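In what follows, a single structure is set out as C-alpha cells and then discussed.
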Amino acid sequence: MSKIFSPGRINIIGEHTDYSYGYVMPMAINLGNYLEYVPYDKISLRSDAYNEEIELDLSMINKKQNKWIDYILGIYNALFELNLKPGGIKGRIYGNLPISSGLSSSASLELAILVALNNSYNLKLNKLQLALIGKKAENDFVGVPSGILDQFAVTFGKKGFAIFLDTETLSYEYIPFPKDISVIVYNTGVKRELAKTGYADRKKIVEDSLRILNKNSSKEIIEKDLEKLDPLYRKRMGYIIRENNRVINAKEALKKNNLELLGKLLIESHNDIAKNYEVSSKELDFIVETSMKYGALGARLTGAGFGGSAIILALRDKAEKIAESVHKEYIKVFEYKSFYNIVESNDGANIIEN
Ligand code: GLA
C-alpha cells in the first residue's frame, strides 16, 4: 500500500489574474487529501468526504458521472489522450481539506491521483506536465474553465515558501515566507461551485479584452490601453493590471520582510476585487474588516471568491486571538457553519509512503 499527500492551496495575492496570463503568488498548505492505494485492474475508490465508494471499469472513463469521481476520470482521459495508458487503482481518499471553500480541493484530488499513477505505472511525467494534465482534466472533462494557479500550487508547493509565478511563461520563483507570520484561513461556510458562479463570465470579458487590445497577456496592458474598452471591460481589466503590479510589489515586500507593506497590499487587493471585479461577498468583506479591527497585518478573499474562504495574515503570537475574535463576531451576524484553520506552508503533492 502506498500513500500520497496532496495539499490544498491559498493564494496570497494575484487573484483572477491567471486566465489572462498575469502574475500569481500562491502557497501550498498543510490541509489536503491523503490517498492510500494499490494498483488494480479497475478504478475502485472510496472518498471519506463524500462517504461513497465507486468502482468503474477502465472502459468507462469517458462516461461522466456528475460526481467527485469525475476529477479522476478527467485525469484518465487526459492521460489517454497523451497516449499514456495507466492501469487502474484501488484506494481510499480522506483528509482535512474542506470542499468548495476556495482552497483547491479539486486540484488536490486531481494531483493525488496523478502522482499515484505516475508512480505506479512509471509514466515519467515531470511536475510541470503533472500540473498541466491536472488543468486539462478540470477544463476539458469536468468543464470548469480555470487557469493554472491551483494545479501549479498543489504540484510545486514547498514548505517555507510562497511561489511567485508568471502564468504566461510558467517561470517561477520560491519566495521565503516569514516564520513569524501565521496564516488564518477563515471559511465563510458559504459553499460555491465554480461551474455555477460568475467565473466563466469574468473569464470571457478578460479574453475578449485581450483580443480587442491585441495582447497575449494582461502584463502587457497599460492604463492608457483601457480607454479603448467599454466601461464594464475597463473596470474589470483595470483591476487586473493593478493586481499584477501588486503581486510584484508583494514579492518585493516579502523579500524585504516588510510585513506592513505586504498587509497593505492584501487589503488594497481585497478592496479592489470587491469593488471592480465584484467577486467578493458581504461575508468575505466582513471577515477582512473585522480581522483588521483586531490587529491583523492584512486580509483578503482567497481563490475565486463568491463565498469560500478569506486569508488573514497575523503575527504568530496574535493569530489565535485574532481568529477567535473574528469568529465570535462572524457568528453573531451570519448563520453559516463557518470555521477557521491556522495553516502552515507545505510541499506539493508527494508520495509519503511507498
Ligand atoms: C480558481 C481557479 C484559478 C484562479 C482562481 C482565481 O481557483 O481555479 O485558476 O482563476 O480561481 O484567482
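Whatever order the structure lists ligands and atoms in, that order sets their numbers, starting from 1. Note that this is a predicted model, so its numbers are computed, not measured.
On a distance-only criterion, Asp150 and ligand 1 share at least one N/O pair closer than 3.5 Å. Checking only distances, Asp18 does come within under 3.5 Å of ligand 1, N or O to N or O. Not a single N or O atom of Thr17, backbone or side chain, sits closer than 3.5 Å to an N or O atom of ligand 1. Geometrically, ligand 1 and Ser104 share no nitrogen or oxygen pair separated by less than 3.5 Å. At under 3.5 Å, a nitrogen or oxygen of Gly147, whether backbone or side chain, sits near a nitrogen or oxygen of ligand 1.
Of the N and O atoms on the side chains of Ser120 and Tyr37, at least one donor lies less than 3.5 Å from an acceptor on the other residue. A side-chain donor-acceptor contact under 3.5 Å links Glu36 and Tyr94. With no hydrogens or angles considered, a side-chain donor-acceptor pair links Glu320 and Tyr340 at under 3.5 Å.
Cation-pi check for Lys219 over Tyr23 is met; the charged atom lies under 6.0 angstrom from the ring centroid and within 45 degrees of its normal.
Residue Leu149 has at least one heavy-atom neighbour below 4.0 Å for each of these atoms of ligand 1: 4 (C), 5 (C), 12 (O). Interface of Glu15 with ligand 1, defined as ligand atoms under 4.0 Å from a residue heavy atom, comprises 6 (C), 12 (O). For ligand 1 and Arg9, the ligand atoms under 4.0 Å from any heavy atom of the residue are 7 (O). Distances below 4.0 Å separate heavy atoms of Tyr19 from the following atoms of ligand 1: 10 (O).
Heavy-atom separations between Glu243 and ligand 1 are all 4.0 Å or longer.
A salt bridge is defined here as a Lys NZ or Arg NE, NH1 or NH2 lying under 4.0 Å from an Asp or Glu carboxylate O, and Glu344 with Arg316 meets this definition.
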Derivation of the side-chain hydrogen bond (donor to acceptor under 3.5 Å, both in side chains) call for Asn139 and Lys135 = CA-CA 6 Å; Asn139 295 164; Lys135 176 177 184 289; 2.9 Å; yes
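The neighbour count for Asn214 CG, taken as heavy atoms of other residues, nucleotides or ligands under 6.0 Å away, does not exceed 12.
Residues Tyr186 and Phe286 keep their aromatic ring centres 6.0 Å or farther apart.
Neither the backbone nor the side chain of Gln151 comes within 4.0 Å of ligand 1, counting heavy atoms alone.
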